[in-house]
Amino acid sequence: MRLQRFLSQAGVTSRRKAEQLILSGRVSVNGEHVERLGTSVVDDDVVEMDGKRVRIDPRRVYLALNKPPGVVTTLRDPQGRRTILDFLPPESPRVVPVGRLDYDTSGLLLLTNDGDLAHTLMHPRFGVEKTYRAIVHGRLSPQEIVKLQSGIVLDEFRSAPAKLRVISSKADRSIVDLRVHEGHKRQVRRMFEALGHRVLALERRRFGPVSLGPLQPGRHRTLAPKEIAALRAFVPKTGRPWNNSLRSRKNIGWSAMSPAGSGPSSNSTATTSRSGASPSLSAPAHAASRVKRRSKRRHKPS
């Protein structure tokens, strides 16, 4: 097992940050400091970080925490601010957060000591969707809604198209549900601010198949077996989800969440292509149809 994966499986940190710990010389194997990536460890090796023994706990823990605002998404903070560790059971094995929530953002945060699953869920190529409820200053115009659905140009990147549903819209504030699959720093806030709408409050309500539900701020719960199974099944074993691979070959559009009360079914999600035409097949069925047609062409007698 690679050393960075070992640290991730032990619940020390994410695999990407484990690489930084190794390069900074904070990790040792059998008493020797390791400062290069690619080192492998076996069961009998003694791994230490900052002089403390690190072990993989065989117990697997999967938690959902409703992070209050004003809490840092780390296990310790040099500035002495409250961290998510203050809300976790002391008897629990060490866990790492799956991604982050900003200091002022509240809502669903997943935590686990399953390093492989955490790495998969955080990796941008797998496109795990997160749903946020934002209260923003002012009223969103139809043109601004289209811009959010098309992608907002920010300083160093262009956000991917978002799925949007306007819950309420008034002159002084709007309540909006926004679904994105990226995880850039302060991304949702910056998307609204780019349109001139300051975010007054932001709460994450869903991470992939897991919903925040009635969980109260500061409380945590253990994920149900069906939720864990849904997270594990979220990414195909190939590591290349069908929707991303299809989008790279042909634009199949995205789902646009309609403003509440603006249509016959205000709570439904309508799938449209960029040309405005509704596809006759869902994306998985569309993919299966393409494979079937290719198979017929391949076996067509000459």
Side-chain angles (χ1 to χ4, degrees), residues 1 4-18 49 52-77 81-124 126-133 177 179-181 183 188 201-237 239 241:
M1 180 186 298
Q4 55 264 40
R5 183 183 176 191
F6 178 91
L7 295 172
S8 175
Q9 289 283 17
V12 173
T13 185
S14 67
R15 197 179 304 182
R16 186 175 302 176
K17 288 196 173 181
M49 190 187 76
K52 295 183 179 180
R53 180 76 180 269
V54 177
R55 292 183 173 91
I56 295 179
D57 195 313
R59 295 175 295 167
R60 282 289 170 254
V61 178
Y62 307 89
L63 302 175
L65 170 70
N66 187 346
K67 185 188 93 65
V71 173
V72 183
T73 311
T74 58
L75 301 180
R76 56 182 175 270
D77 180 61
R81 296 172 294 182
R82 288 194 304 169
T83 72
I84 56 175
L85 189 61
D86 297 328
F87 303 93
L88 299 180
E91 70 279 4
S92 172
R94 185 167 182 169
V95 293
V96 295
V98 181
R100 289 180 177 272
L101 288 177
D102 297 333
Y103 181 75
D104 296 325
T105 301
S106 63
L108 179 62
L109 183 67
L110 301 184
L111 303 110
T112 183
N113 61 352
D114 187 338
D116 288 340
L117 180 62
H119 175 74
T120 296
L121 295 175
M122 286 188 288
H123 202 290
F126 295 111
V128 182
E129 289 189 330
K130 300 99 177 173
T131 301
Y132 296 83
R133 173 154 294 182
D177 280 353
R179 189 180 301 171
V180 297
H181 68 263
V188 175
L202 185 63
E203 178 187 61
R204 184 157 70 191
R205 295 199 148 195
R206 178 175 286 275
F207 190 113
V210 180
S211 174
L212 179 63
L215 192 63
Q216 296 299 306
R219 307 293 293 180
H220 71 273
R221 66 175 177 86
T222 301
L223 294 187
K226 64 180 182 181
E227 291 177 311
I228 299 172
L231 287 172
R232 289 185 175 279
F234 193 81
V235 179
K237 293 181 180 179

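Computed from a predicted model, the values in this text were never measured in an experiment.
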Give, for atom CE of Met122 and atom CZ of Arg100, the distance between the pair rounded to the nearest 0.5 Å. 9.5 Å
Is there a side-chain contact between Leu65 and Leu63 (heavy atoms, below 4.5 Å)? no
CG of Asp77 to CD1 of Ile84: how many Å apart, nearest 0.5 Å? 11.5 Å
What one should report as the nearest heavy-atom pair of Ser211 and Leu108 is C-CD2, 4.1 Å
Taking C-beta and beyond as the side chain, do Lys130 and Val188 meet within less than 4.5 Å on heavy atoms? no
I need the minimum non-hydrogen distance between Leu215 and Ala64, along with the two atoms involved. CD2-O, 3.5 Å
With the side chain counted from C-beta on, respond yes when Glu227 and Arg221 share a heavy-atom pair under 4.5 Å apart, and no when they do not. yes
Only counting residues at least two apart or in another chain, list the ones meeting ring-ring contact (aromatic ring centres under 6.0 Å, His included) with His220. none
Which pair of heavy atoms, one from Thr73 and one from Pro97, lies closest together, and at what distance? CG2-CB, 3.8 Å
Do Glu203 and Leu212 have side chains that approach each other closer than 4.5 Å (heavy atoms only, starting at C-beta)? yes
Please say whether more than 12 non-hydrogen atoms of neighbouring residues, nucleotides or ligands are located less than 6.0 Å from CZ in Arg76. no
With a sphere of 6.0 Å drawn around CZ of Arg219, does it hold more than 12 non-hydrogen atoms of other residues, nucleotides or ligands? no
Interatomic spacing from CG in Leu88 to CG in Leu75 - rounded to 0.5 Å: 7.5 Å
What closest approach, in Å, do Pro93 and Arg59 show between heavy atoms, and which atom pair accounts for it? CG-NH2, 3.4 Å
Tell me which one of Arg133, Arg206, Arg204 satisfies salt bridge (charged side-chain N to carboxylate O under 4.0 Å, His left out) with Asp177. Arg133
Using every non-hydrogen atom in the two residues, find where Pro69 and Asp104 come nearest and quote the distance to one decimal. CB-O, 3.7 Å
Any pair with a residue in residues 82-115 that passes ring-ring contact (aromatic ring centres under 6.0 Å, His included), sequence neighbours left out, goes on the list, sorted by first then second residue, please. none
Can you tell me how far the CZ atom of Arg205 sits from the CG atom of Asn66, to the nearest 0.5 Å? 10.0 Å
Heavy atoms of other groups near Arg81 CZ, more than 12 under 6.0 Å: yes
Can you list every pair that meets side-chain hydrogen bond (donor to acceptor under 3.5 Å, both in side chains) and has a residue in residues 106-118, with sequence neighbours left out? Arg5-Asp116, Gln9-Asp116, Arg15-Asp116, Tyr62-Asp114, Asp114-Arg232
Of all the heavy-atom pairs spanning Pro68 and Pro217, show the shortest one and how long it is. CG-C, 4.3 Å
Looking at OG1 of Thr74 and CG of Leu85, how far apart are the two atoms once the value is rounded to the nearest 0.5 Å? 9.0 Å
Less than 4.5 Å apart, any side-chain heavy atom of Met1 and any of Ile56? yes
Measuring from atom CG of Leu202 to atom OG1 of Thr105, what distance do you get when rounded to the nearest 0.5 angstrom? 4.5 Å
